Amino acid sequence: MTKVLVYIEAQGGQVTGTSLELIAAAQSLGGTVEALVLDADPAGLTGQVKGADTILTMADAALSPYLPEAHAKALAHVVAERSPDVVLVAYSSTGLDLGPVVAVKANRPLVSYCTKLAIEDGAVVAQSQAYGGKLTAASKAPLPAVVAITPGSYREEDVADRAGATESIAAPAGLGDLRTRFKSAQTPDPDAIDITQCDKLLCVGRGIGDADSIDIAREVAAKIGAEIAGSRPVIDAGWLPKERQVGKSGNKVKPRLYLAVGVSGAPEHLEGMGSAELIIAVNSDAKAPIFDHAHFGTTVDLFDLLPALSERLGGG
Amino acid sequence: MPDRPILVAVVLAAALAISGWRFYRVFRPVLSAPGEYRFDELWERFVGVLSNVGLHKRLLKIRYSGVLHALIFSSFIVLFTAILQAFGSGLFPGFSLAPIGGNTWIAGAQELFTVLILIGLGMALYQRVVIKPKRFEGSNKLDALLIYALVFGVVATMTLEFAFHIAAGDDSSAAWRPIAATIAGWLTAAGFSGESAEAGATFFYWAHILVILGFLIYIPGSKHRHMFTAVPNIFLRSMKPKGTLPKADLDHPPIGVQEIGQFHWKHKLDMLSCTECGRCQAACPAYAAGQPLSPKKLIMDLRDHMVAVDHGHSDGVVDLVGGVISEQTLWACTTCRACMEVCPIHIEHVPKIVEMRRTMVEDGRVSPLLQDALGKLQQYGNSFGKPPRQRAKWTKELSFKIKDARKEPVDILWFVGDYASYDPRVQRITVKVAETLNAAGVDFGILMDGEQNSGNDVRRVGEEGLFETLAQSNIDAIAACDFKRIVTTDPHSLNALRQEYGAFGGDFEVLHYTQLLDELIGQGRLKLARGEGATVTYHDPCYLGRYNGGFDAPRNLIAKAGYTLHEMGRCRENSFCCGAGGGRIWQDEEGITERPSENRIKEALGLGDATLFVVACPKDTVMYTAAVQNLGVEDRITVRDVIDLIEVAQA
Amino acid sequence: MRVVVVLRLVPDLTEELEIDESGTDIDREWIGIKLNEFDDHALEEAVLLKEGSGATVTALALDGEGVDRMLQSAIARGADAAVKVEHGMEHIPDQRTAAAILAGAIKELGADLILTGVQTPEDVFGQLAPFLAAHLDMPTVNAVGGVSADGDNAVDVRQEYSGGMSAILGVTLPAVLGIQTASQPPRYVSGSKLRQAMSAEIATLSGADAGAATGAEITGLQEPERGDGATMFDGDAETVAGKIVDVLNERGLLGG
């Protein structure tokens, strides 16, 4: 029977939704699911974990706040102790810290960016996003393996409840002997615009090209009562402030309307907006991945479409 | 009391010494500046001086100012005879212009020009105080008024001296001096005669001399230096083709100009010669758009800084960019050359701006948008960030197979340009040009993905290294082809290929497509179906018109296509830039209160009857189409490229 | 502080990608290549460290087509030295292999801080920075949005999490960081500096053995399934704008 170990990540004392998605992924493989909670005081988190056959906990002062080094040591230790067939981490900041390190330490293959996972003939068979989502890579890696799952690939709602006995694991020797220290945490400025709370968003992507066109996008946004947001390239270029960023390194949004203009739809972006209720995408590249996730789309040039939309929407 | 000759000599010597010292202090920075050769084509230089100084060619473009200047200028020349007489007779008793007409026709001329200069001064005063043209904003008004007062003083004292002479009984020139004679009549009536009149004449003689010398001492610190510098400044103007910027020595940094001392002597002479007339400011599209650039202020600020540095009063400010001149000011320039075209004394504004931009680019001080565009140009050879292989994608729309000029000989090598190749708003025009050339049986081809951005605007944003890289790549690609002439769609490319590539080993015969079409019609190879004869107006692209003299071909095409041309006020050399040139198209619009393109569309609408706004530059198509949309006047005027008017007659 | 920044050329995603005959890789014959965007940020962060605290910066890359030019432009940007690593492979299959080869060269160079981009478009089998950390037995922090020196022997690192959260971590060197965003956007490097750097010398090191393969392999590349896909609106801009407005109206997303 396949044994899957799920690394549970927490943020601000909360188990992330992504972690529960990992449990859904683990359950889909059909074996036993072990969820690993690493924390100074795991009790607060274990209650939030569902769907695991066993909840493994390791309690040590070095484990919170999160330090990549401590969690990598701890996870590698647990992997060595429990010898799971598959280790699941999220494709997130923490998953990036842990997955490859554990894979090398445990001498296991790693499959990253995974959106679909199965086990066949003693190997993981995975689908991954590659080339900014322009292609899908099917791959095979012999068990035991480590897999990093792209957030949003599985649904938290699909997790079936399981008994979830808790079992504690002793911290490895020297866990607190670290070269990394936590100094401070930063949360977003509460006064800044919170696009995660917005009902309607008009997101501009790289295709917008210049500040001029952001103005016309603003005009359209104002007319439909949407806030303006941007994909990472637009934020990096300084055209919009960071708090308006949608995507993996920005905000995860779930508006009623998401109008994506000149956004190609890289996996990191889709992760941030894939669950919007209505997605309308404007991109001149008919092959842009955004169209796979949009409800409506058009390849009309945005420089023609935005003025036309503005006009159509009139003075409102 | 010592002899008058000694006194005059002493006063004159002292005044000359003070004035000379003041001139020296102002001109010292010029003397120590880096070199620049400006002594070729002497005859052409001389002719330029004649037309610009003698005939007031540029000054008269603003009629009122030109006329008043002509009045004062010519009077100064004539009245110089009076000054000569005053100092000659003062220094050398017995000196007189009488033998050559000093009491007859010269006296008459002096009288006449006294009237003319007073009219000129009156007009000048009226202009300064009542009309107050916007172009004077930022100019030194007090300086101007003081000069009017001094000039008035010179002629007033002169006339009064003559009047007292006549009143004293010396009526040798009275017949030729009706004004002085009339005043003398009043003086006589007031009781002046004999000795008292002599004393009056002596008094006004000295007053006359002292006002002249005061003027001479005042001049070095005043914009009226131009009395002395205008002629050399025009004579020493750049004789290079208008569209050729000076090279930067990439192997020997620093590149560009960051300190005033790095400007060569002619740039500094320009600064000292500026008359603050503000014609450049009035012509400047950036200034009109509310941006922080006035070419006049730029020159004045550089001048004041140069003098301050020399006098040790610069308060430690060393950097020009960000210190004396703000970055926004420098980025505001579209390099349209309107300022240089109107400057009566041929100041070279644009090269100075480009030199300072070079410093910013070398320091990496570029806006995110510009960085994005330049980065794409570095990576892909075009500012769109599109793969080079997509450059010729538009040719799929053609009804025939276009030649790859790299693979087979062609008569015409067509350098298409970035916007014409990649911008979906312009591709339609590019296809039409190709179909028209094909219909006329022209043997032509393109460089396909061997073409890169011409670098014209890259050079003008100050990115000299990238410009040279792009230019070299294009020159190599072009040189490997077998062709006779090059045609461009884009005036900016035209300028680079025709005027800039020569210095890098690319000497080609280059023409704009409008010129080729005009030529083909002339040869009977291209026959047009006459259009419906709508009334249109035409916008001269800066780099086709002002820079490359391509004024007539587009107009000929418009006429031959059957359209009626209604010219805007600002046409040909005085065309008003769309605001996209010099890399502006890659910059944001911060600080712009009215886009130059919208200002221009309003001008066209003001004609009342023009329904088409005809352009001959891909960037104009982009800029003006947007302007018409922004103004919401699509129902009144439509932007069209010249090629859109051309319908080939069916055989 | 000796900073090594690892740079990689990756396929230019602005171009059309084609799958090669094997069906398991993209056709690399014609594809354009460019510096990995996140590596560009890593390089900028390295140069900022140099300017801020006198670090020396070595740009390091696996040898390959276009690598000389990429390394020279790193020198134009401000790197002190450039080194390429020979490996005898036609194409590096994944980042894990790259890490194994590079680790030897990094040990030979001696490095206090190793920076590289957090990811590339080709990371199906994992990311370089944590792999390098594992091989070099150094701590690693990924998704880093800024690094500042804390004395000679440590750095403060801002790690970014989803939802705009971040934490400052102190890391004692040596360490490997996966950079997501530099403290400042990558600066513009003028054409003249690039031209000057064209003559810069590039040192060569031989890489370590790639080690045994993990057995993971790509079995097929394909264009993503269209899924349900979007309902596409065709027509000119006015028509499409009209259709969009209709959809918004139907769903009550306009007005109110």
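Since this is a predicted model, take the numbers as computed values, not measurements.
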Using only atom types and a distance under 3.5 Å, with no angle test, would you say the side chain of C/Thr219 pairs donor to acceptor with the backbone of A/Ala138? yes
Please report the closest heavy-atom contact between A/Arg181 and C/Val171, naming both atoms and the distance. NH2-N, 3.6 Å
Side chain to side chain, A/Glu69 and C/Met138, heavy atoms closer than 4.5 Å: no
Donor-acceptor under 3.5 Å (A/Thr298 side chain, C/Phe233 main chain): yes
Do the side chains of A/Ser92 and C/Tyr161 get nearer than 4.5 Å, heavy atoms only? no
Taking the side chain as everything from C-beta on, heavy atoms only, tell me whether C/Phe125 gets closer than 4.5 Å to A/Ser128. no
Side chain from CB out, backbone as N, CA, C, O: work out which of these in C/Asn153 comes under 4.5 Å of a heavy atom of chain A, or both, or neither. neither
How long is the straight-line distance from CD of C/Gln95 back to OG of A/Ser112, given to the nearest 0.5 Å? 10.5 Å
Tell me the closest heavy-atom pair linking C/Asn142 and A/Ser93, and the distance in Å. CB-O, 4.5 Å
Does any part of the side chain of C/Arg96, heavy atoms only, come nearer than 4.5 Å to the side chain of A/Pro100, both counted from C-beta? no
Could you list which of residues 177-189 of chain C have a heavy atom closer than 4.5 Å to any heavy atom of chain A, in residue-number order? C/Gln180, C/Thr181, C/Pro185
What pair of heavy atoms forms the shortest contact from C/Pro174 to A/Arg179, and how long is it? O-NH2, 2.7 Å
For the residue pair A/Gly132 and C/Pro121, what are the closest heavy atoms and their distance? N-CB, 4.2 Å
Please check: side-chain N/O of A/Lys134 versus main-chain N/O of C/Leu13, any donor-acceptor pairing under 3.5 Å? yes
In the structure I gave you, are the side-chain heavy atoms of C/Gln127 and A/Tyr91 within less than 4.5 Å of one another anywhere? yes
What do the steps show when you test A/Lys183 against C/Asp150 for salt bridge (charged side-chain N to carboxylate O under 4.0 Å, His left out), and what is the final call? CA-CA 12 Å; A/Lys183 291 201 160 175; C/Asp150 176 18; 3.2 Å; yes
For the student: nearest non-hydrogen atoms of A/Arg312 and C/Ala241, plus distance: CG-O, 4.2 Å
Smallest separation among heavy atoms of A/Pro142 and C/Gly215, with atom names: CD-O, 3.3 Å
Segment of A/Gln11 engaging chain C (4.5 angstrom heavy-atom cut-off): side chain
Against chain A, label C/Thr120 side chain, backbone, both or neither, depending on which of its atoms sit under 4.5 Å from a heavy atom there. backbone
If you measure only the distance, is there a donor-acceptor pair under 3.5 Å linking the side chains of A/Gln186 and C/Ser166? yes
Let's go through C/Val240 and A/Leu305 carefully: what are the C-alpha distance in whole Å and the side-chain angles of both, what is the deciding distance for side-chain contact (heavy atoms from CB on, under 4.5 Å) to 0.1 Å, and is it a yes or a no? CA-CA 7 Å; C/Val240 171; A/Leu305 185 68; 3.7 Å; yes
Ignoring hydrogens and angles, state whether a donor on the side chain of A/Tyr113 or C/Gln119 is under 3.5 Å from an acceptor on the partner side chain. yes
For C/Glu37, is it the side chain, the backbone, both or neither that has a heavy atom under 4.5 Å from a heavy atom of chain A? side chain
Do C/Asp234 and A/Val300 have side chains that get closer than 4.5 Å, going by heavy atoms? no
Given the rule in the salt bridge (charged side-chain N to carboxylate O under 4.0 Å, His left out) test, do A/Lys287 and C/Glu223 qualify, once you have shown the distances and angles that lead to the verdict? CA-CA 9 Å; A/Lys287 287 185 173 173; C/Glu223 303 213 334; 3.7 Å; yes
Side-chain heavy-atom pair C/Leu248, A/Ile280 within 4.5 angstrom cut-off: yes
Can you measure from OH (A/Tyr131) to CG (C/Leu221) and round to the nearest 0.5 angstrom? 6.0 Å
Rounded to the nearest 0.5 Å, what separates atom CG in A/Asp304 from atom CG in C/Asp236? 9.0 Å
What part of C/Val10 gets closer than 4.5 Å to chain A, counting heavy atoms only: side chain, backbone, both or neither? neither
Pairwise distance CD1(C/Ile19) to CG(A/Leu135) - rounded to 0.5 angstrom: 5.0 Å
Find out whether A/Thr299 and C/Met232 are in side-chain contact, i.e. whether some heavy atom of one side chain is under 4.5 Å from a heavy atom of the other. yes
Starting at CG of C/Leu169, measure out to OG of A/Ser184 and round the result to the nearest 0.5 Å. 8.5 Å
